[in-house]
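For reference, the structure discussed in these notes is given below.
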Amino acid sequence: NLTMNDTANLIISGGGSFSNNGTFDATASTTGKVSFSGNGTISGTTTFQNIETSGALNFGTAGTIAKEFTLQPGGSVTANSPTYLCPAATLTYNTGGTFSRSLDWPSVSSGKGFPSNLTVKHSTAINFPMAGSGYVGHDLTFQNCFSLYQSFSGASSACNVVGTSG
């Protein structure tokens, strides 16, 4: 069993994995996070309050975000999208430069990969149409010099803020 409290962080090195074969309890974690400093893999049924990655992260078949998932420079999602819990879960792009969305925010209007909230910040430009139309359940927030390219490279896709509970 592993319990995260308050502001404690769990840092997983590049190439590392998080395997939950028992109980992982992060409900008492206010601002603490699980941080992948490079590529990583998650296995087992796990709900994260706050998680971030600086590499390609595979959420496995049962990875869930309760509060915030942050993509840092070099971060991406590979193989499996996370489940974002509504209405509180937020997908945050903090990558800087141009980022081509994929399994982090696929073209789905419910279920795995459908973010309840989305934040783009710190000079991040989202190459939006790469994965088709995008759907957000509640809030779409832009902070500190952002770009959302809806017609990047000649393609075009809709961005839909649907106002749903997931």
Side-chain angles (χ1 to χ4, degrees), residues 1-12 14 16-95 99-122 124 126 128 131 134-143 146 159-166:
N1 295 339
L2 175 63
T3 301
M4 287 184 68
N5 294 308
D6 300 319
T7 60
N9 295 317
L10 173 62
I11 300 169
I12 300 171
S17 63
F18 182 99
S19 182
N20 186 10
N21 295 317
T23 302
F24 174 67
D25 182 5
T27 56
S29 177
T30 53
T31 59
K33 63 184 166 255
V34 175
S35 180
F36 283 84
S37 60
N39 297 347
T41 303
I42 297 167
S43 62
T45 301
T46 307
T47 299
F48 297 94
Q49 292 295 312
N50 300 299
I51 184 171
E52 68 179 8
T53 186
S54 296
L57 182 58
N58 179 350
F59 275 91
T61 59
T64 300
I65 311 300
K67 193 171 180 184
E68 184 174 29
F69 170 43
T70 303
L71 287 161
Q72 299 292 4
S76 65
V77 175
T78 184
N80 294 287
S81 298
T83 297
Y84 300 96
L85 295 181
C86 289
T90 300
L91 168 59
T92 300
Y93 291 97
N94 189 41
T95 60
F99 184 88
S100 295
R101 63 183 254 272
S102 63
L103 291 173
D104 44 282
W105 184 21
S107 184
V108 295
S109 59
S110 65
K112 292 180 70 114
F114 173 63
S116 182
N117 305 291
L118 182 83
T119 299
V120 181
K121 61 185 182 179
H122 297 125
T124 299
I126 302 296
F128 188 76
Y135 299 87
V136 177
H138 293 282
D139 297 327
L140 177 59
T141 306
F142 299 100
Q143 301 172 348
F146 71 92
C159 181
N160 305 281
V161 180
V162 296
T164 181
S165 61

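Along the sequence shown, residues carry numbers from 1.
- Of all non-hydrogen atoms in Pro87 and Ser116, the two that sit nearest each other are O-OG, 3.0 Å.
- A donor-acceptor distance shorter than 3.5 angstrom exists from the side chain of Asn117 to the backbone of Ala89, with no hydrogens or angles considered.
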Point to revise | Candidate pair Ser107 and Tyr135, rule side-chain contact (heavy atoms from CB on, under 4.5 Å), full reasoning | key: CA-CA 7 Å; Ser107 184; Tyr135 299 87; 4.2 Å; yes

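- The CG atom of Asn58 sits 4.5 Å away from atom CG of Asn80, with the distance rounded to the nearest 0.5 Å.
- Side-chain atoms of Asn20 and Thr45, non-hydrogen and from C-beta on, never get closer than 4.5 Å to each other.
- Side-chain contact between Leu103 and Phe59: absent, with no pair of heavy atoms (C-beta onward) separated by less than 4.5 Å.
- We find the CD1-CD1 distance between Ile42 and Ile12 to be 7.5 Å, quoted to the nearest 0.5 Å.
- Summarising the geometry, atom CD belonging to Glu52 is positioned 9.5 Å from atom CZ belonging to Phe69; distances are rounded to the nearest 0.5 Å.
- Between Trp105 and Tyr93, the ring-plane angle classifies as tilted under the 30° and 60° cut-offs.
- The shortest distance between side-chain heavy atoms of Val34 and Thr46 does not fall below 4.5 Å.
- Distance check: Phe36 CZ to Ser17 OG gives 7.5 Å after rounding to the nearest 0.5 Å.
- Residues Pro106 and Gly113 come closest through the heavy atom pair CD-O, 3.4 Å.
- Val162 places a side-chain heavy atom less than 4.5 Å from the side chain of Phe114.
- Judged by distance alone, with hydrogens and angles left aside, the side-chain atoms of Thr83 form no donor-acceptor pair with the main-chain N or O of Thr64 at under 3.5 Å.
- The two residues Met4 and Gly32 make their nearest non-hydrogen contact at CE-C, 4.2 Å.
- Paired with Glu68 under the rule side chain to side chain donor-acceptor pair (under 3.5 Å), one option of Asn50, Thr119, Thr90, Thr92 passes, and it is Thr92.
- No donor-acceptor distance shorter than 3.5 angstrom exists from the side chain of Lys121 to the backbone of Thr141, with no hydrogens or angles considered.
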Practice item. I would like to know whether Thr78 and Asn39 meet side-chain contact (heavy atoms from CB on, under 4.5 Å); could you show each step before the answer? Key: CA-CA 9 Å; Thr78 184; Asn39 297 347; over 6 Å; no

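- Within the 3.5 Å criterion, the main-chain N or O of Asp104 finds no donor-acceptor partner in the side chain of Ser81.
- Side-chain contact between Phe99 and Val120: absent, with no pair of heavy atoms (C-beta onward) separated by less than 4.5 Å.
- Between Ala62 and Lys112, the closest heavy-atom pair is N-NZ, 4.4 Å.
- To the nearest 0.5 Å, atom CZ of residue Phe18 and atom CG of residue Leu57 are 11.5 Å apart.
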Practice item. Under the side-chain contact (heavy atoms from CB on, under 4.5 Å) rule, what do Thr124 and Leu71 come out as? Steps first, then yes or no, please. Key: CA-CA 11 Å; Thr124 299; Leu71 287 161; over 6 Å; no

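- Distance check, rounded to the nearest 0.5 Å: NZ of Lys33 to OG1 of Thr7 gives 10.0 Å.
- For the pair Thr53 (side chain) and Gly55 (backbone), a donor-acceptor distance under 3.5 Å is present.
- The two residues Ser76 and Ala56 have their closest heavy-atom pair at OG-CA, 3.4 Å.
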